[in-house]
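To start, the structure itself, in structure tokens.
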Amino acid sequence: MRVGIGYDVHKLTEGRKLILGGVEIPHSLGLLGHSDADVLLHAVMDALLGAAGLGDIGKHFPDTDDAYEGISSIKLLEKTAGLLDEHQFVIENIDATIIAQKPKMRPYIEQMEENIAKALHIDQTQVNVKATTEEGLGFTGSEQGISAQAICALSTIYENSVTVAARGTEGCAGCGGCAFR
């Protein structure tokens, strides 16, 4: 089992869309960045890449590369899923927190979880997104920016097959992700 932690922050500014978890959220301000500046997905990608020992999003999707200018972070998350598959990692779970004073995130969280799960080809129950404020404190509390934190657990295909082989398929969750189903 491997664990990764991700963190990202972007400045709020006028004239940009606010996109979090691949969801466009109505707000007077958006996040400034080279891509769509989706801090939630950036934190998730950094957690996943870190757990896999594959560096960070800056290594794979540098903000100096015009190919990534304005790109949807969902597309970057899909590319991250490809890297994990290439290195034979299986996502066990993702837990993430958005830190923002405004707007309220609750109405959009289920769609964010669905978007993340779909991009990573995992079950939505493996993704948990929460949101909190900082009670008016700090740069997020004063609405200068939004940040996000994420943690994930990965295992390898080998670890999963050994576990299933040791216990047999009885009690298997039936995820369809191994040769034993």
Side-chain angles (χ1 to χ4, degrees), residues 2 4-91 93-105 107-124 126-131 139-140 143-154:
R2 292 166 159 248
I5 298 172
Y7 173 80
D8 196 40
V9 60
H10 283 276
K11 180 180 180 177
L12 282 164
T13 189
E14 293 181 1
R16 296 267 307 198
K17 294 178 180 179
L18 178 59
I19 299 172
L20 295 167
V23 178
E24 187 175 331
I25 299 171
H27 193 53
S28 60
L29 302 172
L31 294 169
L32 183 61
H34 186 70
S35 65
D36 63 4
D38 188 329
V39 294
L40 174 59
L41 296 187
H42 294 183
V44 167
M45 286 184 279
D46 268 344
L48 293 167
L49 291 167
L54 297 174
D56 61 14
I57 61 172
K59 175 181 176 180
H60 296 278
F61 316 114
D63 63 6
T64 55
D65 189 334
D66 291 341
Y68 303 118
E69 187 171 355
I71 194 168
S72 165
S73 293
I74 287 286
K75 291 192 184 315
L76 300 179
L77 186 60
E78 290 169 348
K79 290 179 185 236
T80 300
L83 287 168
L84 295 175
D85 286 346
E86 192 178 304
H87 289 86
Q88 300 183 331
F89 284 103
V90 175
I91 299 168
N93 77 307
I94 297 167
D95 188 32
T97 304
I98 303 165
I99 302 138
Q101 196 64 34
K102 290 180 186 173
K104 292 294 182 193
M105 301 294 160
Y108 310 101
I109 286 181
E110 188 173 334
Q111 184 63 55
M112 292 177 194
E113 292 170 342
E114 185 178 316
N115 291 347
I116 293 167
K118 183 177 176 186
L120 294 171
H121 307 288
I122 60 177
D123 192 82
Q124 191 170 337
Q126 294 172 269
V127 180
N128 187 61
V129 175
K130 307 175 295 292
F139 68 90
T140 58
E143 299 178 54
Q144 294 175 355
I146 294 178
S147 66
Q149 299 175 0
I151 188 166
C152 72
L154 302 181

Flag side-chain contact, heavy atom, 4.5 Å: M112 against I98: yes
Spacing of I94 atom CD1 and M45 atom CE [to the nearest 0.5 Å]: 11.0 Å
Check against side chain to side chain contact (heavy atoms under 4.5 Å, CB included), I116 and L40: CA-CA 10 Å; I116 293 167; L40 174 59; 4.2 Å; yes
Close side-chain approach of K17 and D36, heavy atoms under 4.5 Å: no
Distance, nearest 0.5 Å, that separates CD1 of I146 from CZ of F139: 10.0 Å
Side-chain touch P107/M105, heavy atoms, less than 4.5 angstrom: no
Any L31 side-chain heavy atom under 4.5 Å of D38 side chain: no
Trace of the side chain to side chain contact (heavy atoms under 4.5 Å, CB included) decision for K130 with T97: CA-CA 5 Å; K130 307 175 295 292; T97 304; 3.4 Å; yes
Atom CD of Q144 with >12 non-hydrogen neighbours under 6.0 angstrom: yes
Minimum heavy-atom distance A52-L154, with the two atoms named: N-CD1, 3.7 Å
Any donor-acceptor pair under 3.5 Å from E113 side chain to Q124 backbone: no
Considering all heavy atoms, the nearest S35-I71 contact: CB-O, 3.5 Å
Q111 to V23 - nearest heavy-atom pair and separation: CG-CG2, 3.5 Å
From R16 atom CZ to L29 atom CG, the distance as rounded to the nearest 0.5 Å: 12.0 Å
Taking every non-hydrogen atom, the tightest pair across I25 and P103: CG2-CG, 3.7 Å
Closest non-hydrogen atom pair between A37 and H10, with its separation: O-CD2, 3.6 Å
Atom pair OG (S147) and CG (D8), whose distance is rounded to the nearest 0.5 Å: 8.5 Å
Point-to-point distance, once rounded to the nearest 0.5 Å, from OH of Y108 to CG of N115: 13.5 Å
Any donor-acceptor N/O pair, R2 side chain to A51 backbone, under 3.5 Å: yes
Review item, side-chain donor-acceptor pairs of residues 57-64, under 3.5 Å, at least two apart:
from, atom 1, to, atom 2, distance (Å)
H60, NE2, L54, O, 2.6

Heavy-atom side-chain contact between E24 and L18 under 4.5 Å: no
Distance in Å, L32 CG paired with L12 CG, rounded so as to fall on 0.5 Å steps: 9.5 Å
Give every donor-acceptor pair under 3.5 Å between a side-chain atom in residues 74-89 and any protein atom, sequence neighbours left out.
from, atom 1, to, atom 2, distance (Å)
T80, OG1, L76, O, 2.9
H87, ND1, L83, O, 3.0

Contact check, side chains of L48 and I91, non-hydrogen atoms, under 4.5 Å: yes
Minimum heavy-atom distance I122-V127, with the two atoms named: CD1-CG2, 3.7 Å
